[in-house]
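Just below is one structure, and these are the notes that go with it.
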Number of protein chains: 2
Amino acid sequence: MYDKSILSQRVAESIKQMILDKDYHPGDKLPNEIEMTQMVNVSRSTIREAIKILVSTNILEVRRGKGTYVSDKPGLTKDPLGMDFINEDRLLMDLFEIRLLLEPEMTKLAVQRGRPSDFDKIFQTYEIVSEQIKSGENHTEADIAFHTAIADASHNIIMNRIVPLINEGIVGGYLKTKDNPESAEEVLRQHEKIVDYIKQRNPQKAKKAMQDHILYGLQGFKGYN
Amino acid sequence: MYDKSILSQRVAESIKQMILDKDYHPGDKLPNEIEMTQMVNVSRSTIREAIKILVSTNILEVRRGKGTYVSDKPGLTKDPLGMDFINEDRLLMDLFEIRLLLEPEMTKLAVQRGRPSDFDKIFQTYEIVSEQIKSGENHTEADIAFHTAIADASHNIIMNRIVPLINEGIVGGYLKTKDNPESAEEVLRQHEKIVDYIKQRNPQKAKKAMQDHILYGLQGFKGYN
DNA sequence: AGGTCTGAAAATGTATGATAAATCGATACT
DNA sequence: AGTATCGATTTATCATACATTTTCAGACCT
């Protein structure tokens with residue numbers, strides 16, 4: 001996840017792995033904490049901290065006096081067949097669902113409420129992304145900065161928090177950013193469009209451009225599977 | 001958060017409260033774990049579990065060997081112009097803005113994707129809210145449970161995380177829930193409408209009903225100021 | 001003076017063992 | 001048959017000790 005030098009986080013990883021390997025299904029009961037300490041050979045405190053981490057990411061749920069169970073909440077496929085533990089594709093779909101709701105409207109607000117310094121930041125990050133795309137570099141990070149700059153410009157404090165959350169972290173942090181085979185030139189064009197409409201202070205068209213941009217990403221992702 | 005009978009969760013709440021009361025700001029350092037045990041009068045394990053909860057919701061961050069800090073990820077306004085602390089009314093407006101984007105669509109998805117058990121949960125929480133409203137009790141908590149149940153039914157793992165965040169929480173813990181003077185009977189009617197459309201498995205109308213519900217809340221809040 | 005090393009201080013991380021509280025089923029009693 | 005109690009299982013909490021990381025002041029060397 002993040003810092004692998006912290007034992008409880010490593011243990012959290014190996015519990016996830018164990019769930020995969022030993023073919024646990026949502027709803028199944030895990031060994032109790034004592035048994036786990038022996039299996040992984042760490043103290044109970046560490047096991048419990050690891051479990052807390054997995055609970056906070058919806059992977060496990062704990063019922064006092066009963067045991068620890070694999071969560072049957074979403075994110076875990078209940079497919080009798082596929083059963084791939086956390087279905088990353090599904091998670092990505094969910095992500096697009098949210099972004100499609102938030103980011104276009106946010107772009108509109110950015111145009112309406114942004115200040116000069118906000119726009120500067122947007123243009124600036126836009127340039128970086130463009131260069132990286134042209135030179136064929138990996139531009140995920142810069143792309144996040146671009147979207148975040150727009151979110152900031154919306155001056156909605158909540159959006160400010162949510163957008164980075166869904167872009168970077170990915171809400172809990174266990175979704176690896178996935179390369180969807182988007183056409184670099186197309187993305188470039190779409191970004192340019194967004195920036196242009198922002199420069200023109202046209203909220204509606206900027207919103208639409210952002211919507212198209214996200215839809216394109218969604219489309220590419222869906223087609224990929 | 002959910003089950004108040006679990007001490008560490010209650011402690012998490014009181015830490016949040018302490019942050020509010022003692023006027024901690026993002027980036028500030030909290031008392032160390034030992035001191036906190038004395039302040040709250042619980043063991044260090046419990047303090048640590050409480051902190052873990054707040055870390056997982058981005059309210060705190062822990063730096064080993066240094067201390068525990070109020071997260072600075074949230075958008076505390078870094079306005080060049082004064083505006084040092086957050087205007088709560090403004091924050092509530094922002095909150096409604098987001099809810100208006102997310103929750104109606106989420107309700108639609110809930111109808112489309114929910115399972116029987118999800119619907120049961122929704123109806124169940126609905127009943128609780130109704131009774132509390134009728135008897136004149138404070139129904140904020142039950143109301144949150146109601147909205148959360150709908151969010152859960154949408155089976156979008158991201159929404160699952162965001163909706164509780166914005167409903168309970170106060171997005172980082174800075175916003176005290178504020179009573180807006182909504183008409184109890186009107187809210188009752190609106191909830192009934194939402195539930196009815198869910199029962200009828202009518203996603204569009206359910207979505208619309210939720211939208212009206214939130215708009216009503218927004219309206220009441222705006223009129224209040 | 002200036003850099004480097006060392007070691008204490010402060011804080012979180014981990015280990016260990018004991019006790020409390022919740023859950024559930026079995027057993028005994030009415 | 002019901003129900004009340006007890007015991008086994010398991011998580012929750014407490015208490016204490018030790019480990020590891022981070023920081024920084026002060027000794028030490030050049």
Side-chain angles (χ1 to χ4, degrees), chain A residues 1-16 18-19 22 24-73 173, chain B residues 1-16 18-19 22 24-73 117:
Chain A
M1 198 124 62
Y2 288 3
D3 188 348
K4 303 290 189 182
S5 83
I6 281 166
L7 180 55
S8 58
Q9 302 198 353
R10 292 204 308 269
V11 172
E13 289 297 323
S14 46
I15 291 178
K16 275 207 306 200
M18 184 189 78
I19 293 174
K22 301 215 166 180
Y24 281 103
H25 298 59
D28 288 354
K29 182 173 175 300
L30 268 60
N32 69 40
E33 294 172 349
I34 305 288
E35 289 174 315
M36 286 211 243
T37 62
Q38 294 158 352
M39 293 168 58
V40 196
N41 205 48
V42 297
S43 77
R44 200 178 149 215
S45 337
T46 303
I47 288 287
R48 283 178 60 77
E49 301 225 338
I51 289 175
K52 283 252 169 211
I53 292 173
L54 298 179
V55 167
S56 79
T57 52
N58 270 322
I59 294 178
L60 298 181
E61 51 185 78
V62 176
R63 297 171 206 157
R64 181 175 187 174
K66 295 183 66 177
T68 304
Y69 297 76
V70 179
S71 173
D72 55 358
K73 285 193 182 161
Chain B
M1 197 122 70
Y2 289 3
D3 188 347
K4 303 291 188 182
S5 83
I6 279 166
L7 180 55
S8 59
Q9 303 200 351
R10 293 204 306 270
V11 172
E13 289 297 323
S14 50
I15 291 178
K16 274 207 308 202
M18 184 188 77
I19 293 175
K22 300 217 167 181
Y24 281 102
H25 296 72
D28 287 355
K29 182 172 175 300
L30 267 57
N32 70 42
E33 295 173 348
I34 306 286
E35 289 172 315
M36 286 211 241
T37 61
Q38 294 158 350
M39 293 168 57
V40 195
N41 205 47
V42 297
S43 79
R44 200 179 148 213
S45 333
T46 303
I47 288 287
R48 283 179 60 77
E49 302 220 339
I51 290 175
K52 283 245 169 215
I53 292 172
L54 298 178
V55 167
S56 79
T57 52
N58 269 320
I59 294 177
L60 298 181
E61 49 186 80
V62 176
R63 299 170 206 160
R64 181 175 190 175
K66 294 183 66 179
T68 304
Y69 297 76
V70 179
S71 173
D72 57 356
K73 278 174 203 159
S117 63

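Any value given below was found using the heavy atoms of this structure, including those in side chains, with hydrogens, waters and symmetry copies removed.
- A distance-only check finds a donor-acceptor pair linking the side chain of B:Glu35 to the backbone of B:Asn32 [under 3.5 Å].
- In this view, A:Thr46 and A:Ser43 satisfy the side-chain hydrogen bond (donor to acceptor under 3.5 Å, both in side chains) rule, not counting sequence neighbours.
- Put simply, CD1 on B:Ile53 and CD1 on B:Ile6 are 8.5 Å apart, with the number rounded to the nearest 0.5 Å.
- Minimum interatomic distance between B:Ala50 and B:Ser8 (heavy atoms only, all atoms of both residues): CB-O, 3.4 Å.
- When the side chain to side chain contact (heavy atoms under 4.5 Å, CB included) test is applied to B:Lys66, the partners found at least two apart in sequence or on another chain are B:Arg63, B:Tyr69.
- Closest approach of B:Ile34 to B:Arg44, counting heavy atoms only: CD1-CD, 4.0 Å.
- Contacts of residues 30-38 of chain A with DNA chain D (heavy atom under 4.0 Å): A:Asn32, A:Glu33.
- Side chains of B:Ile59 and B:Lys16 form a contact here, defined as non-hydrogen atoms less than 4.5 Å apart.
- With sequence neighbours excluded, no residue forms a side-chain hydrogen bond (donor to acceptor under 3.5 Å, both in side chains) with B:Arg64.
- Once you apply a 4.0 Å limit to the heavy atoms of chain B, the touched nucleotides of DNA chain D run 5' to 3' over D:dT13 to D:dT23.
- Nearest heavy atoms, B:His25 versus B:Val70: O-CB, 3.5 Å.
- Heavy-atom minimum distance, A:Ile51 versus A:Met36: CD1-CE, 4.0 Å.
- Within the 4.0 angstrom heavy-atom criterion, no nucleotide atom of any strand lies near A:Lys52.
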(Q) Does the protein touch nucleotides 15-25 of chain C at the base, only the backbone, or not at all? Give it as B, S and - per nucleotide, heavy atoms under 4.0 Å. (A) BB-B--SBSS-
